[in-house]
Structure formats: C-alpha cells, structure tokens
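Count residues from 1 along the sequence.
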Amino acid sequence: MRKALRWLLALTVLLGTLSAAGTAGAATAAPADIKDRLLAIPGVSLIEEKPYTGYRFFVLNFTQPVDHRHPDRGTFQQRITVLHKDTSRPTVFYTGGYNVSTTPSRREPTQIVDGNQVSLEYRYFTPSRPAPADWSKLDIWQAASDQHRVYQALKRIYSANWLATGGSKGGMTATYYERFYPRDMDGVVAYVAPNDVVNDEDSAYDRFFATVGTKECRDRLNAVQREALVRREALEKRYARFAADGGYTFTTVGSLDKAYEAVVLDYVWGFWQYSGPDCDDIPADAAHASDDAIWDSVDTISGFSAYTDQGLEQYTPYYYQAGTQLGSPTIHFPHIERRLIRYGYQPPRTFVPRSIPMRFQPGAMRDVDTWVRHHARHMLFVYGQNDPWGAERFRPGAGARDSYVFTAPGMNHGANVAGLTEGQRTLATARILAWAGVASPAVQDDPAAAKPLARFDARLDVRDVEREPALRP
C-alpha cells in the first residue's frame with residue numbers, strides 16, 4: 001500500500017512539474033508585441049498600422065456574426081481601430097455611429113484618462129456590411145452585441161477599466177450598448193445624444209426654435225429659408241444645372257423638387273446644429289439679396305448634394321434605423337406660408353431605396369428611455385445649449401445612480417466636457433477619472449482638483465463637431 005501511495009505521489013509531482021513547464025513554455029511563447037497580441041485574437045486581421053508618436057495605431061478587421069442570435073448564419077468583416085498606449089491604462093470604447101475614421105485621433109474621455117482607445121465602425125456602413133445585406137439585422141441590439149464581442153475579445157489584453165463614449169448617433173450607440181450590456185463598461189460618456197421616445201410628438205423642437213439665440217438671428221435665418229422657397233423656380237433651375245454638372249440623380253427621393261425643399265427646410269436646423277450663435281454671415285435682408293447670396297447660404301449650411309442619390313448612399317443605414325427604431329423629428333415653420341411648402345419634413349422612408357423594406361418599432365426607444373431613467377449607473381450626458389438635437393434628451397430618473405446630465409452654455413452639436421461651466425466641468429472630469437479607476441486621492445477628496453491626465457494634442461484631440469450634412473444626428 002505504501003509503495004502504491006509513494007508511486008501516486010511521485011506521479012502527481014511529475015504531472016505538476018510537466019504542467020508548470022508547459023505553462024512556462026506557453027508564457028514564453030506568448031507574443032509580447034501588441035500587434036502580435038491583437039492579431040492572435042481569433043477573427044482579428046490587420047488592415048494597416050499607422051505611426052503616431054507615443055502610441056501604436058492599428059486599423060483592423062474583426063469577424064462578426066450577421067445575426068448574433070444565430071451566429072452560424074454568416075459573418076462579415078467589421079472595421080475597428082486601436083489607439084494603443086499601454087495595456088495597464090484604461091480603455092475608451094468609441095463609436096460615432098457611422099463610419100470609423102482610419103486617422104489616429106483621441107476622443108475627449110481618452111485624453112482625460114490618458115488611456116487607450118478602441119473605435120468601432122457601425123454595422124452596415126460600408127465596408128462593414130454583410131453581402132448580401134439582410135437589413136432586418138440592422139438594429140440597436142445587434143449593434144450593441146457587436147460592441148460586446150469586441151470588448152470580450154480585447155478585454156483579455158486591456159484588462160483595466162473601460163468607458164464607452166460617442167457623439168450624437170455615437171452617444172445614442174453608447175447608451176444602447178449600456179442598456180443591453182450593463183456589466184461591460186465601468187462608465188459611459190454620451191455627447192449630444194438625441195432621445196426620441198415618442199416619434200410622433202416633437203413639440204420640444206418647435207419650442208427650441210422659437211427661443212434659441214437672439215430674435216435678430218432667428219429672423220435672419222427664417223427670412224433666408226422663406227426666400228429660398230419664394231424663389232423656388234429660379235433656384236431649382238440652378239439646382240438642375242448643379243446636378244447635371246456633378247452627375248447627381250434623385251431616384252431615391254423621387255424628384256429634384258423634393259430634394260430641393262428638403263435641403264431648404266434643413267437650413268435653420270443645420271445652422272444651429274453646426275454654426276451659430278453668430279449670424280454675421282447670414283444675409284441681413286433676404287428679400288433684397290441676390291439669388292447667389294441665397295443659394296450660397298443654403299448650400300454652405302445644408303448642402304445641395306445631401307439628398308441626391310450620391311449624397312444619400314453612404315447614409316442609408318442611418319435612415320433605415322431612423323425609420324425602424326430611432327425615430328426622426330418633424331417641426332413646423334410658422335414663418336413660412338403653407339402654400340410655399342409642398343412636402344414638409346419628409347420621413348426616413350423617403351431617403352431609403354424602396355427595395356429595402358422598413359417597419360417602425362415604436363417600443364424600441366421607449367424601452368431604452370425607461371431603462372436609463374430607472375437603471376442608469378455611471379452615465380454622463382453632455383448637451384449643447386444651442387443644439388436642436390438636445391431638445392429631446394436623455395434624463396436619468398430617481399432610479400439612476402451616479403449619473404448626470406449637463407448642458408454646455410453657448411455650444412452646439414460639438415458640446416463637450418471642456419465647454420461646461422467650471423463646477424460641472426471639474427465634477428464631470430472627476431467622475432470620468434473615478435469610473436476609469438485613475439482618480440488620484442486628491443481628486444477623490446475634491447473634484448475641483450480634477451483635470452485631464454494627458455496634455456492636449458492639436459492633431460490627436462479632435463474637438464470640432466463631426467459635421468453630417470442634412471438632418472442627421
């Protein structure tokens with residue numbers, strides 16, 4: 001019996017030794033370079049690496065299921081980028097809700113926490129689109145599940161805290177991700193994120209346009225918009241020449257006339273979203289301004305190519321989502337006679353090819369709004385005072401914890417933490433640092449001591465609003 005026990009003990013020690021040796025060998029064989037570690041993740045492939053001082057920047061493809069509920073029913077390649085600083089630093093997960101930029105850039109939370117940044121291209125924005133495209137698989141849950149899988153894959157490398165962020169549609173995306181996968185992120189910073197809970201009730205936008213800015217500026221804008229419709233016949237002839245010269249067509253919208261009105265009706269909204277509050281460049285006396293002055297002002301702010309087939313093609317996924325889940329605003333124009341408006345704000349269906357079926361789901365945004373009100377945790381929403389998209393916004397309720405809504409005075413769709421009032425700016429910065437796990441004892445004791453951990457880099461830190469021509473968040 002003793003011999004048998006001695007033999008069993010020796011065998012156990014031998015197996016343990018072999019196991020330790022194998023583990024040591026595996027550790028030795030594990031790739032040390034960050035590129036090799038990223039490429040060792042199943043489904044990740046390299047598109048290119050671009051140099052940037054102090055960082056490594058990778059453009060990658062990540063294999064995703066077309067349908068996360070049935071992952072065996074096909075895959076597609078989704079672009080992601082990784083701005084790598086150090087695996088010991090926190091990571092910011094960014095999406096703009098549209099195409100991903102392949103130029104190295106650092107979003108505001110990434111600068112604040114001095115961390116890594118993973119950026120994701122939204123599904124169905126080319127080239128991150130399945131072929132053929134089953135549009136029924138473009139919804140907010142599928143997109144959140146894309147983020148969840150990327151996070152699960154990269155968390156093995158970037159094991160410190162993670163924050164989700166995004167601006168406009170990207171802020172919406174970060175919020176939806178938190179709603180469906182609340183255990184993934186340690187915090188969310190959502191910028192200028194619209195929240196259209198009831199698609200058919202948009203009076204908040206009408207109230208916004210009745211009071212935003214100064215009366216003088218509102219009157220100037222309203223007059224130019226009205227004058228563009230008064231001069232419709234003459235300016236549409238110019239539009240036809242513009243389209244012919246540029247090779248633009250209007251099959252999706254249906255006609256040049258519908259596209260023209262859509263561009264003109266975007267004018268006031270577009271000004272407040274991206275410009276303002278300075279109206280000095282707006283014609284002061286629209287009724288006596290030249291056709292060139294009216295055309296140039298509308299084109300500069302709204303963009304006459306926006307509702308052509310060529311202008312719409314890139315944004316088909318957005319309009320599809322607006323017409324199936326996100327909702328879209330409808331506003332009134334009390335300064336324009338009804339006889340001058342033929343179509344009004346047109347629904348998203350107008351801007352999506354008829355070959356793509358659409359059906360609106362009224363409960364999708366209500367579900368997210370209810371969740372934010374009752375369950376938000378470590379969420380920060382930042383809006384701009386002069387941004388029309390902030391008229392319908394997220395508002396954490398009594399059930400929320402450690403969550404905030406701040407408004408940057410005088411700012412538009414480019415609102416950020418840096419533009420908040422001093423008290424709100426330092427509080428927001430302190431909470432972001434705390435959620436990322438990098439708040440110093442001094443900041444923990446006094447939020448007024450909070451400031452970004454990384455110096456501002458004029459090339460890397462994008463502060464300008466990402467302009468989306470036409471009425472898009």
Side-chain angles (χ1 to χ4, degrees), residues 96-97 107-109 111-112 163-175 178 187-197 202-215 217-218 268-279 329 331 365 368-369 372-373 376-398 400-433 435 447-448 450-452 462-468 471-473:
R107 312 312 299 186
E108 187 179 46
Q111 184 207 352
I112 289 174
L163 304 178
T165 193
S168 196
K169 185 171 181 285
M172 299 158 74
T173 301
T175 303
E178 180 71 6
V188 174
V189 185
Y191 296 89
V192 296
N195 181 31
D196 194 349
V197 182
D202 291 326
S203 59
Y205 296 111
D206 293 321
R207 291 192 294 272
F208 170 87
F209 286 111
T211 58
V212 64
T214 65
K215 184 178 186 305
C217 186
R218 295 195 302 270
V268 174
W269 186 298
F271 174 85
W272 291 111
Q273 181 170 347
Y274 295 118
S275 306
D278 184 356
C279 277
I331 64 174
M365 294 301 99
V368 176
D369 178 72
V372 169
R373 289 178 182 274
R377 172 183 168 274
H378 295 181
M379 299 189 75
L380 169 64
F381 296 92
V382 178
Y383 293 95
Q385 178 187 10
N386 292 334
D387 180 20
W389 287 107
E392 292 190 339
R393 58 178 60 186
F394 285 99
R395 303 178 189 277
R401 290 178 294 154
D402 196 10
S403 296
Y404 311 85
V405 180
F406 293 144
T407 300
M411 297 195 74
N412 55 20
H413 211 51
N416 55 20
V417 170
L420 297 173
T421 58
E422 183 177 358
Q424 291 184 348
R425 182 179 67 252
T426 55
L427 175 57
T429 302
R431 298 318 300 146
I432 291 170
L433 293 170
W435 299 339
K451 60 182 179 180
V462 180
R463 288 292 185 263
D464 293 333
V465 62
E466 296 179 10
R467 185 178 176 88
E468 299 291 348
L471 188 60
R472 288 188 287 266

- Nearest heavy atoms of His413 and Tyr274, plus distance in Å: CD2-CE2, 4.4 Å
- Query: Passes side chain to side chain contact (heavy atoms under 4.5 Å, CB included), Phe406 versus Leu380? Steps please.
  - Reply: CA-CA 8 Å; Phe406 293 144; Leu380 169 64; 3.6 Å; yes
- So, do Asn195 and Phe381 sit near enough that their side-chain heavy atoms are less than 4.5 Å apart? no
- Task: For residues Val417 and Ala428, report the shortest heavy-atom separation together with the two atoms involved.
- Result: CG1-CB, 4.0 Å
- Query: OG/Ser403 to CZ/Arg377 distance, rounded to the nearest 0.5 angstrom?
  - Reply: 9.0 Å
- Query: Do Trp269 and Tyr205 pass the ring pair (Phe, Tyr, Trp, His ring centres under 6.0 Å) test, and can you show the C-alpha distance, the side-chain angles, and the key distance before you say yes or no?
  - Reply: CA-CA 10 Å; Trp269 186 298; Tyr205 296 111; 5.2 Å; yes
- Item | Separation of Arg218 CZ from Thr211 OG1 (nearest 0.5 Å) | 6.5 Å
- Message: Side chains of Trp389 and Val192, heavy atoms from C-beta outward: is any pair under 4.5 Å?
- Response: no
- Results of salt bridge (Lys or Arg N to Asp or Glu O under 4.0 Å) for Arg207 - residues two or more places apart only: none
- Note on the structure: Shortest non-hydrogen pair, Pro452 vs Thr429, comes out as N-CG2, 4.2 Å
- Task: Measure the shortest side-chain to side-chain distance between Thr214 and Pro277 over non-hydrogen atoms and say whether it is less than 4.5 angstrom.
- Result: no
- Ignoring hydrogens and angles, tell me if any N or O in the side chain of Thr407 forms a donor-acceptor pair with the backbone of Gln385 under 3.5 Å. no
- Task: Go through the structure and list residues passing side chain to side chain donor-acceptor pair (under 3.5 Å) with Tyr191, not counting sequence neighbours.
- Result: Glu108
- Residue pairs meeting salt bridge (Lys or Arg N to Asp or Glu O under 4.0 Å), one or both in residues 378-397, sequence neighbours left out, come to none
- Task: Answer whether the closest heavy-atom distance between the side chains of Gln273 and Asn412 falls below 4.5 Å.
- Result: no
- Message: Quick one, Phe394 and Val405 - any side-chain contact, counting heavy atoms below 4.5 Å?
- Response: no
- Taking every non-hydrogen atom, the tightest pair across Thr173 and Gly97: OG1-CA, 4.0 Å
- Drop me the distance from Ile112's CD1 to Leu433's CG, to the nearest 0.5 angstrom. 7.0 Å
- Closest heavy-atom contact between Phe271 and Cys217? CE2-SG, 3.9 Å
- Nearest-0.5 Å distance, CG of residue Asn416 to CD of residue Gln111: 10.0 Å
- Task: For residues Trp272 and Gly213, report the shortest heavy-atom separation together with the two atoms involved.
- Result: CH2-CA, 3.7 Å
